[in-house]
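Residue numbers start from 1 in every chain, and the chains themselves are labelled A, B, ... in the order their sequence lines are given, proteins ahead of strands. Atoms considered below: every heavy atom in the structure, side chains included; atoms not considered: hydrogens, waters and symmetry mates.
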2 protein chains.
Amino acid sequence: MARPRQFDETLVIESLMNVFWEKGYEATSMQDLVAASGLLKGSLYGAFGDKHAMYLSALKHYDRTRIQAGIDVLNGEGSARQKIARLFDNVIEATKRGLFAGGCLLCNASLEMAARDPEVKAEVKTTIRRLKVAIMEALSPRIANEDQAAALAAFIVSAYFGSRVLAKGGAPAAMIGDTRDHCLQLVP
Amino acid sequence: MARPRQFDETLVIESLMNVFWEKGYEATSMQDLVAASGLLKGSLYGAFGDKHAMYLSALKHYDRTRIQAGIDVLNGEGSARQKIARLFDNVIEATKRGLFAGGCLLCNASLEMAARDPEVKAEVKTTIRRLKVAIMEALSPRIANEDQAAALAAFIVSAYFGSRVLAKGGAPAAMIGDTRDHCLQLVP
DNA sequence: CTAGTTTATGACCATTTGGTCAATAATTCA
DNA sequence: TGAATTATTGACCAAATGGTCATAAACTAG
């Protein structure tokens, strides 16, 4: 009934996400978002709301794509140990290459935003839960006791997130490797 | 030979640190720092340099005080297991009370700043190493093999940092408890 | 073709940002 | 006391910030 959007929304969200991912919320300016998306300010505001709404959209997009990719691995083929190893190997790979500086947007959002932003906190909380459940289910064929599986899953999530902090902080890749190896030892 | 400082430098750094700790670097404005310190802008710049230098000073102060307090625990009395339990209990305590929103300044700095700020990265890297070594030494009476102790120490640091991400992200305290318990099981 | 509706555009805005500086005040050494 | 040195003060600044809006353009239903 009217003029249609002249851009692919998903493509634009992806570009917004990449900026927030690399720079964080506060360090990202509207100019950065304009430059990255190729749209003009007015269009961005019209389509997504204000900067904060753009961040939330980016976070949800990260959940739907990057986190989901991890969950797909956990739901896919292979032993529990192999699947969990793959999660850590991605971090180690990224650390060794040292190219993209973003790390994990979920972790970044948790530390930068969650404490002062209830909406971000809710989103982060939900995504953490999703990740934990997926790990639990990957473990369930090997661990009959559900509480035990939940506890181990919580633990693996912690170690995984911790490895993202180490990676960004310039810790040697060996520390992340050690973390990975210890985690795998615990997976039956 | 001239007019002396009319303020306690350490006290001022402490107040600057608290602001950065709670809000992060980018979300902290010079106005915030002025308000928190009670000094005027000119005095702050005169004494500490620019905002970035203030952040670095705050980070170093965090190392000298808060991180050192943790290391003191690790160097102090008690079994290795007891000492490491105490690290996690602090996080759990803070999570349950939900009062101070800062979490761990070292983790915050790593995720917000390290990727784009070599000085912060160097500081974070050094502090991570200090923490890891202290954990290693706490373990050493029980683990003869040095490589093994180093690997376990790296692992515990990861799990600890991860629990800080979980805590800020609104994950249930039980997840942090599970993380703690699994860590302790690995400590001989 | 036209009326109606939505999108795109970029000029525009108040506010806030980090940072400077000349003037003044306080101190010490001689 | 006076010369030298440093600290404090607050006014000041250019630039950047997030955000708005009137206008023009593009599309669809009738």
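Regarding Arg5(A), its CZ atom lies at a distance of 6 Å from the P atom of dA8(C), rounded to whole Å. Across the protein-nucleic acid pair, Lys51(B) atom NZ and dT17(C) atom P stand 9 Å apart, rounded to whole Å.
Of the candidates Leu131(A), Ile135(A), Thr127(A), Asp63(A), Leu131(A) is the only one forming a side-chain contact (heavy atoms from CB on, under 4.5 Å) with Ile71(A).
Other residues, nucleotides and ligands place no more than 12 heavy atoms under 6.0 Å from the CD atom of Glu146(B).
For DNA chain D, the outermost nucleotides in 5' to 3' order that have an atom under 4.0 Å from a heavy atom of chain A are dT17(D) to dT28(D).
Side chain of Thr28(B) to backbone of Lys23(B): no donor-acceptor contact under 3.5 angstrom is found.
Grouping the Ile, Leu, Val, Met, Phe, Trp and Tyr side chains by contacts below 4.5 angstrom, directly or via other members, places Ile92(B) apart from Val73(B).
Near DNA chain D, defined here as any heavy-atom distance below 4.0 Å, the residues from residues 14-36 of chain A are Thr28(A), Ser29(A), Met30(A), Gln31(A), listed numerically.
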Next on the checklist: Test side-chain hydrogen bond (donor to acceptor under 3.5 Å, both in side chains) on Asp32(B) and Ser29(B); report intermediate values, then the result.
Outcome noted: CA-CA 5 Å; Asp32(B) 293 330; Ser29(B) 70; 3.2 Å; yes
Checklist entry - Given the rule in the ring pair (Phe, Tyr, Trp, His ring centres under 6.0 Å) test, do Phe155(B) and Phe155(A) qualify, once you have shown the distances and angles that lead to the verdict? => result CA-CA 11 Å; Phe155(B) 180 68; Phe155(A) 180 67; 5.3 Å; yes
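Between Tyr160(A) and Phe88(A), the two ring planes are perpendicular [angle over 60°; tilted spans 30° to 60°].
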Checklist outcome for this item: The contact string for nucleotides 22-27 of chain C, one letter per nucleotide 5' to 3', using protein heavy atoms under 4.0 Å with B, S and - for base, sugar-phosphate only and none, comes out as ---BBB
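Residues Arg180(B) and Ala85(B) come closest through the heavy atom pair NH1-CB, 3.9 Å. Of all non-hydrogen atoms in Leu152(B) and Leu186(B), the two that sit nearest each other are CD2-O, 3.6 Å.
Along DNA chain C, the nucleotide closest to Tyr45(B) and the one closest to Leu39(A) are compared, and the more 5′ of them pairs with Leu39(A).
Between the side chains of Gln185(B) and Asp181(B), no donor N or O sits under 3.5 Å from an acceptor N or O.
Residue Gly46(B) is out of contact with every strand shown, counting any heavy-atom pair closer than 4.0 Å.
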